[in-house]
Amino acid sequence: GCGDQSSSSNAGAGTTEQEITYSGIIREAGSTSVLPIAEKFALAFMDMYPNLEITYTGGGSSAGVKQCAAGTVDIGAASREVKISETDLISIPVARDGVAIIVNENNPIQGLTIEQVTKIYTGEITNWSEVGGNDLQITVYGREEGSGTRDCFDSIVLKKLSVSPTALAKKSNGEVQIGIQEDASGIGYVSLGYINGVKALPLNDVECSIATCQDGSYPIVRRLYFITQTIPSDAVNAFLNFCRSEEGQKIVADNGFVPLVH
Amino acid sequence: MKTVLYSQDLSLWYGKKQALKNVSLSFEERSITAIMGPSGCGKSTYLRCFNRMNDIIPNIRIEGKAIYGDTNIYAKETDPVEIRTKIGMVFQQPNPLPRSIYDNVAYGPRIAGERRKKVLDEIVEKSLRKAAIWDEVKDDLKKSGLSLSGGQQQRLCLARTLAIEPKIILMDEPCSALDPIATAKIEQTMQELKEEYTIIIVTHNMQQAARASDYTAFLLMGECIEYGETKSIFIKPKNKETMDYITGRFG
Amino acid sequence: MKTVLYSQDLSLWYGKKQALKNVSLSFEERSITAIMGPSGCGKSTYLRCFNRMNDIIPNIRIEGKAIYGDTNIYAKETDPVEIRTKIGMVFQQPNPLPRSIYDNVAYGPRIAGERRKKVLDEIVEKSLRKAAIWDEVKDDLKKSGLSLSGGQQQRLCLARTLAIEPKIILMDEPCSALDPIATAKIEQTMQELKEEYTIIIVTHNMQQAARASDYTAFLLMGECIEYGETKSIFIKPKNKETMDYITGRFG
Amino acid sequence: MNKKTIEQTMKWVLLGTAFVSLLILVGIIYFIFDNGFLAFMENGLWNFLFGQKWSLADNTFGALPLIIGSIYVTVGSILVAAPVSIAIAVFMTNIAPHFLREIVRPCIDLLVGIPSVVYGLIGMVFLVPLIREHLGPPGYSLLAAITVLILMTIPTIVSVSEDTLRAVPTKYKEASLALGATKWQTIWHVILPAAKSGIISAVILGVGRAIGEAMAIYMVIGNSFSIPKSLIDPSRTLTSNIVGQIEEAALGSTHIHALFGCGIILLLFVFVFNSISFTLSKKGVQA
Amino acid sequence: MNKKTIEQTMKWVLLGTAFVSLLILVGIIYFIFDNGFLAFMENGLWNFLFGQKWSLADNTFGALPLIIGSIYVTVGSILVAAPVSIAIAVFMTNIAPHFLREIVRPCIDLLVGIPSVVYGLIGMVFLVPLIREHLGPPGYSLLAAITVLILMTIPTIVSVSEDTLRAVPTKYKEASLALGATKWQTIWHVILPAAKSGIISAVILGVGRAIGEAMAIYMVIGNSFSIPKSLIDPSRTLTSNIVGQIEEAALGSTHIHALFGCGIILLLFVFVFNSISFTLSKKGVQA
Ligand SMILES: Nc1ncnc2c1ncn2[C@@H]1O[C@H](COP(=O)(O)OP(=O)(O)OP(=O)(O)O)[C@@H](O)[C@H]1O
Ligand SMILES: Nc1ncnc2c1ncn2[C@@H]1O[C@H](COP(=O)(O)OP(=O)(O)OP(=O)(O)O)[C@@H](O)[C@H]1O
Ligand SMILES: [Mg+2]
Ligand SMILES: [Mg+2]
């Protein structure tokens with residue numbers, strides 16, 4: 001198993017949580033959507049077990065899955081479930097996430113319908129004036145194929161349609177956010193945690209917020225997963241349990257993500 | 001007779017080493033002046049001063065004057081390119097360009113703007129003939145200049161210089177790698193050229209200097225120690241060192 | 001007298017051009033042989049055959065034999081390096097290495113394994129003296145060999161070859177850039193060397209050949225047209241072309 | 001003899017090294033083709049080369065937009081970078097005073113070492129907004145990529161050509177000048193031709209960097225799959241495509257074969273370009 | 001006169017080009033330092049250089065593991081690549097028969113053009129599993145990165161040094177051989193010293209590629225933040241760190257400054273390395 005190599009634990013079965021200490025390193029890699037929350041989990045968990053170190057690197061959902069399968073990391077983070085082809089791995093949901101449609105803060109648009117977004121992304125609508133904005137060419141920011149955020153967006157918004165070839169492709173949420181932040185003509189989709197400095201648009205008149213995601217009125221919501229090998233080490237196990245615990249889910253809510261429904 | 005070229009108190013240093021010491025010499029129009037002196041005395045250096053070839057060498061310092069006609073060769077406003085088209089030079093070590101024999105000779109005229117094939121052909125033939133190498137290479141004009149023998153290269157370089165028809169021709173031992181017959185031909189060319197041009201030749205060959213030159217200058221350790229008509233110098237030099245050198249007792 | 005070096009029907013082609021045609025010549029031990037002939041007749045090419053310097057040139061073809069002692073110079077099993085330590089060469093165009101004068105001369109002995117500073121110092125001084133350049137450079141041994149004048153470079157290259165003490169010395173116009181006095185000194189050195197070594201010298205200088213050599217060979221268009229004792233050749237050559245060349249009527 | 005032994009050993013070590021290295025290099029080329037040819041098979045050569053749709057979901061891989069993007073970017077950058085670099089190299093070797101060269105040369109060597117991501121970074125935070133503001137959105141564009149590549153390749157080309165130019169024997173220069181040629185004629189007719197083969201190597205190196213650069217381009221070109229119609233349109237190159245998708249590609253999948261297929265096309269580009277350079281250099285020698 | 005005008009124009013164009021380019025290049029260096037120095041301020045120079053913790057969440061950026069990773073990777077690869085490349089170049093110019101050179105040279109030029117992502121790709125799908133199987137997991141390791149870099153830099157170094165070696169005048173070679181030197185002595189004592197400055201440029205170029213390579217390394221090194229204890233440990237370099245994180249860094253944040261800080265350290269590396277090479281080359285000239 002991947003955990004044995006890098007993280008050691010002196011925990012015995014049956015002992016109570018207080019007495020257990022974990023040490024070593026837990027390595028995480030993967031989705032940039034999960035990054036903000038994964039780091040917060042890590043900080044809180046490292047506070048509890050000072051001898052333990054948790055590292056995180058980005059790279060996208062697939063990278064996370066691949067590296068976990070290869071054993072270079074203990075936990076892969078993904079904004080999608082493992083595919084059938086990616087055997088020997090288990091996906092454990094740790095949070096949920098809304099995918100926000102974002103535009104530049106100076107864009108006067110106040111909201112869009114899902115159909116409008118669909119048409120924008122398929123290239124049917126190419127000017128902001130067609131949806132009530134300025135007379136300005138729309139620049140469509142998308143993600144590379146394989147990205148969990150894109151999987152979610154494609155399946156809920158585009159359905160079977162394919163994205164216009166003129167759409168820019170970015171490798172991460174951050175890149176899309178930076179782009180939109182500076183580009184008055186841009187529209188993009190990012191994980192809820194990445195909406196600072198940009199304007200998240202209401203969809204079908206529903207505000208994009210934790211609350212609306214939580215109650216199911218906002219349409220684009222997905223689950224975020226930690227992926228591990230089938231038998232994770234004790235330290236990893238404890239960490240995963242911590243993430244799914246009430247305490248963990250509070251961190252989720254505090255950091256702009258949507259807690260799991262228990 | 002008119003002086004067309006002269007130097008006045010010309011001194012030159014390579015770094016700290018002084019190679020020329022206050023050399024003052026003047027050269028008459030339509031004459032041949034031979035410059036002689038033991039190896040390393042500064043003959044090549046002196047010659048190179050007149051067409052500013054020493055400019056290229058780093059760490060060099062020049063003092064004094066070199067005058068061509070009315071032009072101060074080292075004045076700021078003087079264009080070295082113009083000087084070099086007027087004052088041609090054949091280097092001591094043959095340095096053909098890495099191209100064909102034809103292109104080597106045609107290089108100068110082409111640079112000067114001549115484009116007509118026929119004119120170039122003529123110039124090339126004439127120059128090669130004058131340099132006594134035409135017969136040897138006329139069938140191989142496309143051959144690289146670098147694949148010639150030592151003596152052939154030397155004559156090619158002479159031809160190349162003749163092709164630009166300079167007013168003054170500086171020759172640094174142009175016959176050193178040549179057999180007596182080729183040498184004689186070159187000397188004959190020199191006599192023809194003299195009708196129109198001024199020639200300064202560095203030579204180690206006493207007989208050549210005596211045969212071919214009108215004036216002779218004698219350099220020693222960077223200084224000009226004797227200058228005069230060739231005849232008088234060879235018959236009775238004023239200077240003891242010159243005497244020793246000519247009679248082979250020097251050093 | 002014993003023949004130490006000879007060629008038999010030696011032919012050489014540069015690409016398609018034949019530069020040597022069935023040259024057969026032999027060289028006696030402890031003698032000086034002069035090779036003469038008009039420029040471009042193949043003298044340098046012939047000389048370079050004996051220490052396999054032509055190996056470097058692409059597109060060359062050699063036929064016939066060249067024998068040193070018992071060794072076939074062009075046999076497969078012959079080590080050219082060994083040949084070259086036995087048969088030294090001074091090139092027509094001086095080619096000092098881009099390093100100091102001292103290192104130029106010490107190069108050969110060092111390559112051969114000599115490491116002792118004192119021995120090297122001695123070799124360098126002795127060689128430079130024999131090449132008649134010691135006095136000019138003794139204070140500047142650290143100066144680059146490339147910053148010497150043409151004649152100085154020529155003597156440096158001679159000194160360099162003397163330093164490896166080859167059995168046979170091939171000299172390609174070693175005095176072409178030298179004044180009469182330096183030339184006389186080199187000739188004197190040749191006479192001294194002759195006591196022990198065999199010398200083959202290419203020269204254009206009739207007097208030099210007459211003065212300094214025991215045998216003379218005469219090449220024309222790649223062919224050896226005459227060979228014999230120097231005295232007899234200069235007095236009554238068998239061949240008309242030789243006669244013409246010597247008396248300056250050739251060509 | 002000891003000396004002989006050393007000689008022999010050296011000879012074999014050298015031969016061995018050269019041989020093994022060449023073997024490995026051949027191996028690399030084989031590996032690329034081995035994987036990449038499958039892309040031609042699986043998609044059909046025609047579809048792969050001229051298809052305009054590249055979609056993982058549909059398992060369709062048409063590389064035309066990428067090919068066109070790569071060509072634009074490479075040709076555009078090299079058309080500017082090569083002459084400018086050669087100009088700088090000529091300036092440094094033949095015109096600039098010695099002390100200037102002593103200052104500039106280390107700078108160039110330093111720039112050679114600047115990682116391409118840093119160039120990408122600068123492009124992203126400085127160039128892209130600049131283009132967006134002055135030439136219109138999205139800023140991520142061919143132009144940005146070409147500019148970044150120009151800045152990246154110049155130091156490399158300058159560095160190598162400067163060396164070659166300096167190696168031209170002084171005697172050629174002297175010969176030309178003494179025949180009345182100006183500095184510029186000498187440079188044009190003697191120095192540049194003599195340095196030609198080295199300069200071409202320099203340009204080949206530069207083009208190699210330009211064709212092969214991935215990350216820096218990825219950061220500024222926008223990576224859309226469309227064929228760009230103007231300099232300020234976003235685009236996508238073969239390399240930026242590999243960078244963008246490699247992490248998602250599963251071993252043995254049609255997808256990764258398609259990515260290797262892109263690698264083959266890149267190699268063909270390099271090959272064609274090198275051949276052209278080579279022909280040009282041969283031509284020059286005759287003239 | 002017309003000719004004069006052309007001359008003058010050319011002169012100014014050349015001067016202008018050189019000047020503008022140098023200005024831009026100075027601008028780039030300034031830009032990097034301008035952003036990167038903030039990293040030293042914000043983290044404290046000592047903490048930045050010697051801190052072992054690099055965490056976005058804590059806003060702590062200590063680059064020691066990266067620095068060590070970069071040094072290992074660069075030094076390791078160049079120690080192998082430089083001598084091997086020079087050996088190949090010597091072999092090609094002085095020993096190999098002409099026809100072999102004619103075949104090998106285009107191959108080398110082709111390899112120069114292979115994009116580094118392709119090398120990364122090969123490393124990932126071939127080398128990493130190989131290492132994992134034979135030397136133990138995880139396969140992603142220093143060793144993989146060094147190997148990939150070696151393969152990447154060899155063609156560059158060979159190509160440039162071959163040119164320089166070929167430019168050594170034949171007459172030096174002749175002089176040495178005629179004095180009884182063997183081929184090897186001639187190579188060692190005459191040809192290599194004469195080609196020294198060009199070879200050093202070649203190595204500088206190679207090192208530049210090695211230090212600056214990001215994507216290929218990123219793909220095979222594993223990118224762990226730990227200081228590697230053996231060749232098969234994963235590691236992380238300054239460049240792979242930039243590649244890995246640049247996309248998530250917000251403009252003006254401490255994070256992006258830290259990334260630029262990595263850029264400065266890279267530049268210092270290059271600078272130190274170049275200075276060493278330069279000193280070495282000076283030394284050689286005397287001897
Ligand atoms: N590398 C070469 N390639 C082709 N031809 C050559 C080459 N070197 C010499 N030749 C030709 O071979 C012939 C003989 O040349 P070689 O150098 O032996 O003449 P040489 O007798 O030494 O003349 P010189 O007295 O002028 O030095 C000449 O016609 C020359 O043009
Ligand atoms: N580039 C240089 N750097 C330093 N010293 C030099 C340089 N060129 C020549 N010298 C020195 O200057 C002096 C004069 O050299 P020059 O070449 O003028 O001699 P020369 O009279 O032409 O001799 P030769 O007859 O041997 O050609 C010599 O002592 C030489 O060593
Ligand atoms: Mg001289
Ligand atoms: Mg000769």
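So you know, we letter chains A, B, ... as the sequences are listed, proteins then strands, and number each from 1. FYI, side chains are in, hydrogens and waters are out, and symmetry mates aren't considered; it's all heavy atoms of this structure.
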**Prompt:** Is the number of heavy atoms from other residues, nucleotides or ligands under 6.0 Å of C:Lys138 NZ greater than 12?
**Reply:** yes

**Message:** Please classify the contact of E:Ser176 with chain C as side chain, backbone, both or neither, using a heavy-atom distance under 4.5 Å.
**Reply:** both

**Message:** Can you confirm whether E:Tyr72 is buried at OH, in the sense that more than 12 heavy atoms of other residues, nucleotides or ligands lie under 6.0 Å from that atom?
**Reply:** no

**Message:** Is it the case that over 12 heavy atoms from other parts of the model lie below 6.0 angstrom from the CZ atom of E:Phe126?
**Reply:** no

**Asked** What distance do E:Thr182 atom OG1 and C:Ile111 atom CD1 have between them, rounded to the nearest 0.5 Å?
**Response** 7.0 Å

**Item:** C:Leu97 side, atom CG; E:Lys173 side, atom NZ - distance, nearest 0.5 Å
**Value:** 13.5 Å

**Message:** Is it the case that atom CH2 in E:Trp188 sees more than 12 heavy atoms from other parts of the structure closer than 6.0 Å?
**Reply:** no

**Prompt:** Is it the side chain or the backbone of E:His98 that comes within 4.5 Å of chain C heavy atoms, both, or neither?
**Reply:** neither

**Request:** First locate atom CD of E:Glu174, then atom CD1 of C:Ile57, and finally report the distance between them rounded to the nearest 0.5 Å.
**Result:** 6.5 Å

**Message:** Can you tell me if C:Lys194 has over 12 outside heavy atoms packed within less than 6.0 Å of its NZ?
**Reply:** yes

**Fill in**
Counting heavy-atom pairs under 4.5 Å with chain E, the top scorer among C:Asn51, C:Ile83, C:Asn95, C:Thr85 is C:Asn95

**Message:** Quick check on E:Ala194 against chain C: is it the side chain, the backbone, both or neither that has a heavy atom closer than 4.5 Å?
**Reply:** neither

**Item:** Enclosure of C:Lys143 NZ (heavy-atom neighbours >12, cutoff 6.0 Å)
**Value:** yes

**Prompt:** Can you say whether C:Arg48 sits under 4.5 Å from chain E via the side chain, the backbone, both, or neither, judging by heavy atoms?
**Reply:** side chain

**Contact origin within C:Pro96 toward chain E - heavy atom pairs under 4.5 Å** = backbone

